[in-house]
Engineer: 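Structure in structure tokens, see below.
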Amino acid sequence: MVMRLDKLREGKAKILYATDDPQLLIQYFKDDATAFNAQKRGTILNKGVINNHISTILFQFLTREGIPNHFVDRLSDREMLVKRCDIIPLEVVQRNLLAGSLAKRMGREEGAVLPFPVLEYYYKNDALGDPMINADHAVAFGLASREDLTAIETITRRVNDFLRAYFDQMGICLVDFKLEFGWHKGSGGPTLLLADEITPDGCRLWDKSTREKLDKDRFRRDLGRVEEAYQRVYRLVCASVS
Ligand code: TMP
Ligand code: ASP
């Protein structure tokens, strides 16, 4: 059993703690919710517990699919043991349907199926409001190498193929999602791992038949019944393993 030590970093939705194993960290999931670069703040009751459980199940599936990720174990309702990573300051967004900031940027209604999954990069920088950048920017500013981006893109597309089919069979459309990656410095040299979380905080999930939103957009857009939406996704994801 690892021992939880000092708090290393507190983010908007999670806290990272050191452990007595220098290669491992504890990721603690909070109920806090923010939107629009933390201009809007609130809490979603039990979100931390739900997101920890959902992320655990999804990382376990992805591990079985051979997708390298930071998940090691779920320690408690809100704590996940993960491999220590130096996070690459990129938010990698993959979109299947038109929604959110892309719909706004292109001046179109949300909901159209995109002709192919669209990949975007955002520079993870709160002071700048996470601006969208392209691959050349990421390389030119030393955030990642060309080879790193190729690997990130390949993993992201495989995650999309898996998650899209997974959610589809439970009646949910995976509209888009955000991933983060990091470098784990293990004994065999650095390895690129999928990190962070995969939860309704960072995915758009729509009911396939009613198109009802079952994700953080309910909080961002004041749509109500936020907890109910998270609970529903939680129940469906739990049912997929029982
Ligand atoms: P966007 O349409 O607002 O750019 O969001 C695309 C996806 O990325 C959506 O599934 C929500 C997720 N996302 C985050 O996880 N964190 C963020 O800060 C933002 C803006 C979006
Ligand atoms: N990352 C956003 C924030 O900074 C939250 C979001 O829109 O998902 O508050």
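One-based numbering, in listed order, for ligands and for the atoms of each.
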Engineer: Students should be able to answer this: which protein heavy-atom is nearest to atom 4 (O) of ligand 1, and at what distance?
Structural biologist: S101 OG, 2.6 Å

Engineer: Please work out whether the ring planes of H53 and Y234 are parallel, tilted or perpendicular, with thresholds of 30° and 60°.
Structural biologist: perpendicular

Engineer: Among all protein heavy atoms, pick out the one at the shortest distance from atom 7 (O) of ligand 2; state its residue, atom name and that distance to 0.1 Å.
Structural biologist: R220 NE, 2.9 Å

Engineer: Among N51, N52, D196, which one satisfies side chain to side chain donor-acceptor pair (under 3.5 Å) with K14?
Structural biologist: D196

Engineer: Under a 4.0 angstrom heavy-atom cut-off, which atoms of ligand 1 come close to Y122?
Structural biologist: 4 (O)

Engineer: With heavy-atom distances below 4.0 Å as the criterion, list the atoms of ligand 1 near C203.
Structural biologist: 10 (O)

Engineer: Just need the protein heavy atom nearest to atom 16 (N) of ligand 1, so name the residue and atom and give the distance.
Structural biologist: K178 CE, 3.8 Å

Engineer: If you define the side chain from C-beta out and look only at heavy atoms, does anything of K213 sit under 4.5 Å from E110?
Structural biologist: yes

Engineer: Can you list the atoms of ligand 2 that are under 4.0 Å from a heavy atom of N37?
Structural biologist: 3 (C), 4 (O), 9 (O)

Engineer: Please list, in number order, the atoms of ligand 1 under 4.0 Å from a heavy atom of F177.
Structural biologist: 10 (O)

Engineer: Between D222 and K40, is a salt bridge (Lys or Arg N to Asp or Glu O under 4.0 Å) present by the stated rule, with each step listed?
Structural biologist: CA-CA 11 Å; D222 295 321; K40 177 177 178 141; 2.6 Å; yes

Engineer: Mark up the atoms of ligand 1 that fall under 4.0 Å of a heavy atom belonging to G100, in ascending order.
Structural biologist: 2 (O)

Engineer: Counting non-hydrogen protein atoms only, what is the nearest one to atom 9 (C) of ligand 1? Give residue, atom name and distance.
Structural biologist: D176 OD1, 3.1 Å

Engineer: Less than 4.0 angstrom from a charged side-chain N to a carboxylate O is my criterion; do E153 and R157 meet it?
Structural biologist: yes

Engineer: Considering non-hydrogen atoms of the protein only, which is the closest contact for atom 17 (C) of ligand 1, and what is the distance?
Structural biologist: E91 OE1, 3.9 Å

Engineer: Considering non-hydrogen atoms of the protein only, which is the closest contact for atom 1 (N) of ligand 2, and what is the distance?
Structural biologist: K12 NZ, 3.8 Å

Engineer: Is any side-chain heavy atom of E212 less than 4.5 Å from a side-chain heavy atom of R218?
Structural biologist: yes

Engineer: Less than 4.0 angstrom from a charged side-chain N to a carboxylate O is my criterion; do D215 and R204 meet it?
Structural biologist: no

Engineer: With the threshold set strictly below 4.0 angstrom, can you tell me whether any protein non-hydrogen atom sits that near atom 19 (C) of ligand 1?
Structural biologist: no

Engineer: Compute the shortest N/O to N/O distance between D130 and ligand 2 and return yes if it is under 3.5 Å, no if not.
Structural biologist: no

Engineer: Hey, are K208 and D168 close enough for a salt bridge, meaning a charged N less than 4.0 Å from a carboxylate O?
Structural biologist: yes

Engineer: Determine whether a donor-acceptor pair (N or O, by modelled atom type, separation under 3.5 Å) exists between the side chain of N134 and the backbone of H137.
Structural biologist: yes

Engineer: For atom 9 (O) of ligand 2, which protein heavy atom lies nearest, and how many Å away is it?
Structural biologist: T34 OG1, 2.6 Å

Engineer: Under 4.0 Å from any heavy atom of A38, which atoms of ligand 2 are there?
Structural biologist: 3 (C), 4 (O), 9 (O)

Engineer: Does a side-chain N-to-carboxylate-O contact under 4.0 Å join R158 and D161?
Structural biologist: no

Engineer: Applying a strict 4.0 Å limit to heavy atoms, is K104 in contact with ligand 1?
Structural biologist: no

Engineer: Which residue owns the protein heavy atom closest to atom 11 (C) of ligand 1, what's the atom, and how far is it?
Structural biologist: R220 NH2, 3.6 Å

Engineer: For atom 6 (C) of ligand 1, what's the nearest protein heavy-atom neighbour? Residue, atom name and distance, please.
Structural biologist: R204 NH1, 3.6 Å

Engineer: Which atom names give the shortest non-hydrogen contact between T156 and F177, and what distance separates them?
Structural biologist: O-CZ, 4.1 Å

Engineer: Which bit of E120 is near ligand 1, meaning a heavy atom under 4.0 Å away: side chain, backbone, both or neither?
Structural biologist: neither

Engineer: Taking 4.0 Å as the limit for heavy-atom contacts, which would you say applies to K216 with ligand 2: side chain only, backbone only, both, or neither?
Structural biologist: side chain

Engineer: Is the ring pair F162/Y166 parallel, tilted or perpendicular, if the boundaries are 30 and 60 degrees?
Structural biologist: parallel

Engineer: At under 4.0 Å between heavy atoms, which part of K40 makes contact with ligand 2: side chain, backbone, both or neither?
Structural biologist: neither

Engineer: Under 6.0 Å from the ring centre and within 45 degrees of the ring axis: does the NZ or CZ of K7 meet both conditions for the six-membered ring of Y28?
Structural biologist: no

Engineer: Just to be sure I read this right, does ligand 1 sit under 4.0 Å from the backbone of Q94, its side chain, both, or neither, counting only heavy atoms?
Structural biologist: neither

Engineer: Please list, in number order, the atoms of ligand 1 under 4.0 Å from a heavy atom of G202.
Structural biologist: 10 (O), 12 (C), 15 (O)

Engineer: Decide side chain to side chain contact (heavy atoms under 4.5 Å, CB included) for Y121 and L149; before the verdict, give the C-alpha distance in whole Å, the side-chain angles of both, and the deciding distance to 0.1 Å.
Structural biologist: CA-CA 10 Å; Y121 294 112; L149 293 182; 3.8 Å; yes

